[in-house]
Amino acid sequence: MATRPIHEGLFTKPDDPRGAALLAGRCGACGRHHFPAAETCPYCSAETGSVEAVGATGRIFLHTVVQTAPPGYTGPVPYGFGLVDLPEGLRVVTRLAAADLDALESGLRVRLEIAPLCTDEEGNEILSWAYRPDDGAA
Amino acid sequence: MATRPIHEGLFTKPDDPRGAALLAGRCGACGRHHFPAAETCPYCSAETGSVEAVGATGRIFLHTVVQTAPPGYTGPVPYGFGLVDLPEGLRVVTRLAAADLDALESGLRVRLEIAPLCTDEEGNEILSWAYRPDDGAA
Amino acid sequence: MSARPVYVAGVGIHPFGRFPDLDVTRLGMSAVRAALAEAQVERGGFQAAFCGTVYTGVAAGHKVLTALGLSGVPIVNVEAGCASGGAALSLGAAQVASGQRDTVLVFGMEKMPRGIIRSSFFPPWCEQAGLSPAPAYFALRARRLMQESGVTRSHLARVSVKNHRNGVDNPFAMYRKPCTEEEVLGAKMVCDPLTLFMLCSPNEGAAAVVLSAAPGPIGPPVRVLAATVRSHLPGSALGEHTPMSGLIGEDPPSPTELAAKEAFETASLGPRDLDFVEVQDTDSGREILSIEELGLCARGGGGAFVEEGVGERGGKLPVNPSGGLLSKGEPLGASALGQIVELAWQLRGAAEKRQVDGARTALAHTVGRGANASVAILQRG
Amino acid sequence: MSARPVYVAGVGIHPFGRFPDLDVTRLGMSAVRAALAEAQVERGGFQAAFCGTVYTGVAAGHKVLTALGLSGVPIVNVEAGCASGGAALSLGAAQVASGQRDTVLVFGMEKMPRGIIRSSFFPPWCEQAGLSPAPAYFALRARRLMQESGVTRSHLARVSVKNHRNGVDNPFAMYRKPCTEEEVLGAKMVCDPLTLFMLCSPNEGAAAVVLSAAPGPIGPPVRVLAATVRSHLPGSALGEHTPMSGLIGEDPPSPTELAAKEAFETASLGPRDLDFVEVQDTDSGREILSIEELGLCARGGGGAFVEEGVGERGGKLPVNPSGGLLSKGEPLGASALGQIVELAWQLRGAAEKRQVDGARTALAHTVGRGANASVAILQRG
Ligand SMILES: [Zn+2]
Ligand SMILES: [Zn+2]
């Protein structure tokens with residue numbers, strides 16, 4: 001029983017000194033961020049980019065609640081879903097975790113959480129990310 | 001364990017007084033045959049057709065031998081495959097059955113055979129058709 | 001380019017719904033046969049065919065024309081998500097306008113499984129991470145309208161009530177029962193604020209259009225003034241193409257805005273010249289967003305548009321008098337051409353109980369994966 | 001129609017082969033990037049894009065241009081079986097010729113699983129009945145050539161030997177090892193008379209072409225004189241569309257004959273004006289049949305054509321100097337455009353070891369499910 005990320009290169013590993021963060025691409029030409037990181041900048045087509053750790057915290061821009069598991073998803077339902085604005089100038093599509101999904105609202109401060117979402121056929125724990133209302137502790 | 005045809009409307013049933021035959025469409029406008037029978041004539045687009053029993057016998061136009069089962073096919077391999085010219089003026093794509101597949105040749109007289117090809121998940125026998133070298137008996 | 005006029009010489013439709021006994025080829029055959037009959041066109045009477053479809057598989061359009069004995073011409077299958085039919089129309093219309101062909105057959109069809117569309121769009125990890133459900137993206141857009149356009153839950157429900165009421169009179173629609181605002185709001189919540197009655201069903205159906213440089217035999221003549229398709233620009237995380245990120249505060253023009261601008265310019269018309277519209281209403285919020293993006297009201301004016309009943313049958317600018325996708329359901333490759341069929345009948349004055357009085361100019365609009373949007377403007381005369 | 005000239009302003013290719021670490025979007029990106037670089041075209045420099053693909057799924061071309069930051073223009077995915085790339089080329093070329101667009105990006109890509117292609121073409125009962133294997137249909141056509149065109153097993157083998165030898169010099173081909181006639185004849189029999197070495201492998205790859213009303217920056221200029229696509233006529237049980245029946249003695253013109261006739265007429269050229277050709281060689285027999293159907297020799301003259309070595313490199317009319325599909329493999333949506341890339345390089349004199357001396361005019365040809373055939377004629381100058 002191992003633990004593995006849902007996909008390589010999306011977020012920092014548990015022992016990363018930068019802490020929990022998303023791994024965004026940053027274009028060497030236009031300076032804009034994109035997520036997930038890609039070799040080619042989706043804004044200006046430049047291929048000189050770097051990867052930066054972003055989004056330890058953010059604020060909810062828009063949210064909803066998914067009531068039924070979509071095809072391929074085996075995590076818990078219902079679950080929160082939305083767009084979170086990151087301080088680095090980036091807006092990301094993300095799952096939203098909360099003890100009370102009804103408490104989600106636009107503008108709410110949230111914190112990145114990297115945690116097991118489900119298990120695969122071999123019983124491995126699959127790590128994914130979500131944003132959760134920030135209780136102020138850090 | 002029942003017996004069922006591989007598809008409806010392709011060939012006569014075992015108790016059909018017309019004997020073993022393919023069920024071809026015949027156009028009411030241009031008079032041409034097509035197989036399998038369809039509501040619309042593929043030659044002239046007319047929709048006034050009838051179904052006729054054809055091809056109790058025929059002659060091989062072209063043939064080959066399939067060595068490996070293609071996807072979806074669970075009958076015996078190798079098996080003969082080819083085009084048979086029917087006396088009604090029609091040429092059909094068909095499986096060719098023979099004790100000796102090497103004996104197949106163009107011009108050879110063949111006879112229609114409707115026989116079990118495989119079984120489905122529930123164990124039902126699936127009837128399909130083939131042409132087999134005609135030994136002269138009838 | 002001095003373009004020739006492009007006429008809709010004939011249209012045909014297979015009802016949208018569920019037809020377990022008919023394969024997708026049969027659906028397509030039915031619509032094509034009807035359109036060719038209206039246009040009085042047979043084999044030899046059209047020089048190219050375009051077939052819009054998403055999930056039908058290889059040689060989809062070829063199978064239809066083969067079965068009808070109508071093959072031989074160039075046949076091309078066209079895919080642009082839910083705008084596939086619109087893309088096919090734009091290609092066909094351009095070939096007639098440029099003089100490359102005199103008559104072109106454009107058709108579309110689809111046979112979707114029940115439930116949430118399992119799109120081949122997302123990589124498996126996105127599905128596993130819970131980031132793929134289309135209704136969730138629709139819900140975010142609806143919520144944004146609630147924040148920025150004065151749209152209320154009641155408005156969202158009223159769009160659904162309107163379209164279902166319109167669909168009652170459409171014999172080609174899947175749902176033909178009226179519903180009340182209370183029923184819409186009380187239906188199962190799919191993704192807040194969208195309830196089950198605010199979302200369209202992917203289903204089955206086909207539609208076909210014969211385009212020609214000359215008017216068809218059934219009058220009055222109807223012309224295609226413009227047929228455009230455009231894809232998204234980078235920058236927004238809330239476009240139909242659902243990238244995983246975008247930039248805060250940067251909202252580039254959407255595919256719909258790009259396609260509409262090009263269509264209005266080509267047609268030398270503006271939103272005020274329209275007598276009615278058929279727009280993408282995959283969900284109630286999408287209809288309101290479509291209205292804003294097409295310039296049928298001011299940005300941010302979506303709530304007021306619904307409140308004032310502008311889009312009601314008998315309103316100043318009827319929206320989806322056919323019942324829209326909410327009552328017809330959405331057979332992806334066919335839906336855009338189903339709109340064109342409706343436009344042609346309305347502009348001929350032949351839409352029976354659905355008729356928009358005196359309709360002379362109308363617009364059709366779809367949005368789909370890619371992201372794509374298609375816009376067509378048709379006019380009588 | 002007074003058509004404008006259509007230039008190949010730039011071409012690019014991703015090698016054909018097996019690339020387990022690259023998804024199909026990456027393959028497409030690589031080819032598109034290369035073609036745009038050759039043409040020195042960036043975002044804003046092309047007004048439409050066509051993407052040929054068969055099995056990639058929804059919004060295939062959109063994903064490529066989205067990832068490259070190049071979306072915004074109309075993007076349409078085009079499917080016509082193995083002629084998909086040819087169909088995309090014909091649509092793009094027509095838009096440039098008619099003046100609708102100045103510059104159009106045309107690309108194609110595919111990522112096929114190993115082994116026999118499980119086509120979505122056949123209904124399940126046909127597969128269950130054993131009537132679906134493509135190599136069996138190919139074998140029947142090869143056998144017909146043996147009966148009617150003086151083609152021998154040795155001729156079939158020699159086509160394979162020639163193409164594999166040509167492929168040795170093609171860095172974009174999958175198989176780059178020469179083989180002998182004995183090896184080809186002694187390879188595993190797939191469907192008599194076709195052995196494993198006489199059949200091409202479906203594989204992975206991408207190719208891209210920038211079409212423009214003006215010559216590209218890399219000279220000498222190369223023009224598309226014609227790019228046609230046609231579907232089959234009813235009547236033959238041995239066409240690529242594999243209907244289950246046909247009429248004895250009625251052999252209507254094949255899609256290839258229809259597409260070639262139209263292309264030669266459009267280009268005001270004939271077979272004698274060609275310096276080399278790239279033709280569909282899904283199997284060795286198909287290459288010989290293509291030669292006959294394209295009018296490169298008399299009907300029934302296929303055996304003599306091979307016997308006399310006409311199609312050898314250095315022969316009177318080199319056939320598949322790239323190595324053809326037999327050495328390149330066949331990524332369905334990309335294969336026709338891979339031919340165009342080869343033609344462009346050859347006509348510029350930039351084909352390195354594969355160069356056909358002094359090549360000025362060439363033809364490319366594909367055949368695919370539907371049935372479809374595409375023919376393109378390109379010329380330097
Ligand atoms: Zn950039
Ligand atoms: Zn007929």
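The structure presented is a predicted model; accordingly, all values stated were derived computationally and were not measured. Order of the sequence lines sets the chain letters (A, B, ...), proteins ahead of strands, with each chain counted from 1.
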Requested in this report: Would you check, one step at a time, whether the test side-chain contact (heavy atoms from CB on, under 4.5 Å) holds for B:Tyr73 with D:Leu131?
Outcome: CA-CA 9 Å; B:Tyr73 173 83; D:Leu131 304 180; over 6 Å; no

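- Side-chain atoms of B:Arg32 do not come within 3.5 Å of backbone N or O of D:Leu247 as any donor-acceptor pair.
- At a 4.5 Å heavy-atom cutoff, D:Pro123 makes no contact with chain B through either its backbone or its side chain.
- Residues D:Pro133 and B:Val66 approach most closely at CG-CG2, 4.1 Å, considering heavy atoms.
- D:Ser245 places a side-chain N or O within donor-acceptor distance of the main-chain N or O of B:Phe35, the cut-off being under 3.5 Å.
- Using cut-offs of 30° and 60° for the angle between ring planes, the D:Tyr137 and B:Phe81 rings count as perpendicular.
- Heavy atoms of B:Leu86 lying under 4.5 Å from chain D belong exclusively to its backbone.
- Heavy-atom minimum distance, D:Gly130 versus B:Tyr79: O-OH, 2.7 Å.
- Between B:Thr64 and D:Ala139, the shortest heavy-atom distance links the atoms OG1-CB, 3.5 Å.
- Put simply, of B:His33, B:Arg95, B:His7, the one with the most heavy-atom pairs under 4.5 Å next to chain D is B:His7.
- Residue B:Pro71 comes nearest to D:Glu127 through the heavy atom pair O-CB, 3.5 Å, listed as atom of the first residue, atom of the second, then distance.
- The main-chain N or O of D:Pro234 is never found under 3.5 Å from a side-chain atom of B:Tyr43 such that the two would form a donor-acceptor pair.
- In this structure, chain D has a heavy atom under 4.5 Å from the side chain of B:Leu117, while its backbone stays farther away.
- Of the atoms belonging to D:Phe122, not a single heavy atom falls under 4.5 Å from chain B.
- Contact between D:Gln147 and B:Ser106 at its shortest, heavy atoms only, is NE2-OG, 2.5 Å.
- Using a 4.5 Å heavy-atom cutoff, the side chains of B:Pro36 and D:Met244 are in contact.
- Taking the side chain as every heavy atom from C-beta outward, D:Val190 and B:Gln67 never approach each other to under 4.5 Å.
- B:Leu62 is listed as a side-chain neighbour of D:Leu238, based on a closest heavy-atom distance under 4.5 Å.
- Among the candidates B:Val92, B:Leu90, B:Thr94, the residue making the largest number of heavy-atom pairs closer than 4.5 Å to chain D is B:Leu90.
- For the options D:Met189, D:Arg143, D:Arg141, heavy-atom pairs under 4.5 Å to chain B are most numerous at D:Arg143.
- Here B:Leu83 contributes atom CG and D:Arg144 contributes atom CZ; the two are 8.5 Å apart, rounded to the nearest 0.5 Å.
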